[in-house]
2 protein chains.
Amino acid sequence: MQVVPLCYNVTMVENAHHDEVGPQGRTSTSWGPVARRSTHELVIDAIEEQIMSGALAVGDLLPPERELAARLQVSRTGVREAIRVLEAHGVLRSEVGSGRGAGTFVAALPTAALERFLRLHVALANFPVHDVLETRLLLERGSAALAAERAEADALDTLTGLLEQMDQPGLSREAFNDADTEFHVAIARAGGNALFAEMTGAIRASLRAPILEAFTQVEDWESVSAQLQSQHHEILSALRAGDAEEAARLTDAHIRFAVESLPGLGAAPRADGD
Amino acid sequence: MQVVPLCYNVTMVENAHHDEVGPQGRTSTSWGPVARRSTHELVIDAIEEQIMSGALAVGDLLPPERELAARLQVSRTGVREAIRVLEAHGVLRSEVGSGRGAGTFVAALPTAALERFLRLHVALANFPVHDVLETRLLLERGSAALAAERAEADALDTLTGLLEQMDQPGLSREAFNDADTEFHVAIARAGGNALFAEMTGAIRASLRAPILEAFTQVEDWESVSAQLQSQHHEILSALRAGDAEEAARLTDAHIRFAVESLPGLGAAPRADGD
DNA sequence: TCTCTCGTGTGGTCGGACCACAACGTGGTG
DNA sequence: CACCACGTTGTGGTCCGACCACACGAGAGA
């Protein structure tokens, strides 16, 4: 028997209760609304509580959907929708099958979640491109400084390899962009700050389409890419030298140059004049 | 800087690669798997495509779930799970009823989404507190500088009001923290960068529990809170004066002071095995 | 001992039914 | 004509039960 309860306190809102709406009696006392939460949100809260309390850690297995539904006294549908939400946040992951690798696990997959989040909100113009670029500048300047101090040898080797890729002549603009993205993300990773790295990657992913569009409009591509590459090499030199200040300064200049060289990115940031 | 190396323990479950060895006969040559996507993911892609192409903008109404299911030739369940995912990202919002305000709309609600994302991944130790604090320092330094240049009069009034709240004697530590959070987020908002502001708010939300825990362990609370408040007033003065550099410097010092004053935040990040 | 097969448990998908809710049309009533 | 009560309608919310695809693992068979 010995079943560890996953959660007791899911107090379902009984749907068929109308008793508080009496006939026109006094209703103006301080009866604040009760924040009606839907079923799947209650399930999310239950799972989230387990995570926040530390009862569920990365790698742990959740009960089967059917069992969870039975324990929480909700339908399997509600449980599945809750799992979808946490899965969308990169916190859960489901695998079909039986035995070892099957079931729903606590995972650590923030990358795809953050990328989709930022990509969509940038596309909806909720986060203006100008603001995203400002954030990018801040993050990568910080990452460069950290990387100059902390970067390991193999991280520097990775960066060197990426520069060699971009040094190949005749590289397509898309391939250049992808390698360039990897280069910048690798620097962020080398800095050792996981949040910097994830944010940097997500920002680049959210700007991929606009950047590629801007690339196609660059007239003297050979010249621009050569200058970008030259700046990359300088940045890498500063990282090798462990010069944090110089690495940050070069990165700052590099990103500003890139933005100014790409039409449509930094052109119309916000419609004011001050 | 005592920095934990952060092995970044991602126990990612890789998709099992089964090299298809046919039961009999030769193995298939280059028949790479087709990236099996589940139904709800296909629906997500369909909706996301509309958003990315600009066909769906904030405020637009989606077709009813039943109609969408019929058009996409999937079950209503799949559509609903997809809507849940986009809703979790703050991109969609569903309202019951009929007519005007009913249905599923494209929304712009990144706040709750980013807060839950960060809160969960911080709780799972996927993003170490140290890294989050480092990001906070970077963002708020930048926000302060921007706010010094761009802040409107009413934004400064809001900040003044929050400082008056915190100046009240006998304020509970929780109330102080909430007002303090509002103060810092308001500065970020005054800077005019939406992403800065959202990130700042999400970071504060993700650290709320650890901060409150640390607050209870502060011995000389009156002294610490008085110093924090004094720094707040100095920052606000710099903002009023429009001195970006000074505002950034003061904010930097303020946050470092706060972290060093609170036990358990910057001191012992969680040293495990290695 | 090894190999094959089939049972079993997992998430994935589906269709249908019913509920709660909010707007709107309709009709009655002043 | 103006107003109001009420039923209609269409929306998302919830639940159920069934079946599928999949992968492990125990047991039968060689």
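Protein chains get the first letters and strands the later ones, always in sequence-line order, with residue 1 at the start of each. Quick caveat: nothing in here was measured; it's all calculated off a predicted structure.
- A donor-acceptor pair under 3.5 Å links the side-chain atoms of B:S206 to the main chain of B:I203, judged by distance alone.
- Set against C:dG11, C:dC14, D:dT14, the side chain of A:T104 has C:dG11 as its closest nucleotide.
- When the P atom of D:dC16 is taken as reference, atom CD of A:E81 falls 14 Å away, rounded to whole Å.
- Note: CD (A:E95) to P (C:dG12) measures 9 Å, nearest angstrom.
- Protein atom CD of A:E41 is 11 Å distant from nucleotide atom C1' of D:dG13, rounded to whole Å.
- In this structure, the nucleotide among D:dT9, C:dG11, D:dG25 sitting nearest to the side chain of A:R80 is C:dG11.
- When distances run from any side-chain atom of A:T39 to the nucleotides D:dT14, C:dT13, D:dT11, the shortest one goes to D:dT14.
- OP1 or OP2 of D:dC15 lies within a sub-4.0 Å distance of a side-chain N or O belonging to A:S75.
- Residue B:H40 has its side chain nearest to C:dT13 when only C:dT13, C:dG9, C:dG12 are considered.
- One N or O on the side chain of B:D60 and one on the backbone of B:A57 form a donor-acceptor pair closer than 3.5 Å.
- Ranked by how close their nearest DNA chain D nucleotide is to the 5' end, B:E87 and A:G97 are led by B:E87.
- Among the protein residues, A:G78 comes within range of no part of the nucleic acid, since none of its heavy atoms lies under 4.0 Å from any strand.
- Note on B:T77: a base of the nucleic acid sits closer than 4.0 angstrom, heavy atoms only.
- Atom CD1 of B:I44 and atom P of C:dT13 are 11 Å apart (whole Å).
- Between the P atom of D:dC15 and the CG atom of A:L42 lies a distance of 10 Å, rounded to the nearest Å.
- Out of D:dG12, D:dG25, C:dA22, the shortest distance to the side chain of B:R76 is found at D:dG12.
- Every residue two or more places apart in sequence or in another chain that forms a side chain to side chain donor-acceptor pair (under 3.5 Å) with B:R76 is listed here: B:E65.
- With rounding to whole Å, B:L62 atom CG is found 13 Å from D:dT11 atom P.
- No N or O donor and acceptor, one from the side chain of B:R84 and one from the base of D:dG13, sit under 3.5 Å apart.
- Taking atom CZ of residue B:F105 and atom P of nucleotide D:dT11, one finds them 11 Å apart after rounding to whole Å.
- Computed from coordinates, the B:L68 CG to C:dG15 P distance equals 14 Å when rounded to whole Å.
- No donor-acceptor distance shorter than 3.5 angstrom exists from the side chain of A:R84 to the backbone of B:E81, with no hydrogens or angles considered.
- Using a distance-only test at 3.5 Å, with no hydrogens or angles considered, a donor-acceptor pair links the side chain of B:E41 to the main chain of B:S38.
- Residue side chain A:R66 reaches the base of C:dG11 through a donor-acceptor N/O pair under 3.5 Å, judged by distance alone.
- The side chain of B:V96 has D:dG13 as its nearest neighbour among D:dG13, C:dG12, C:dT10.
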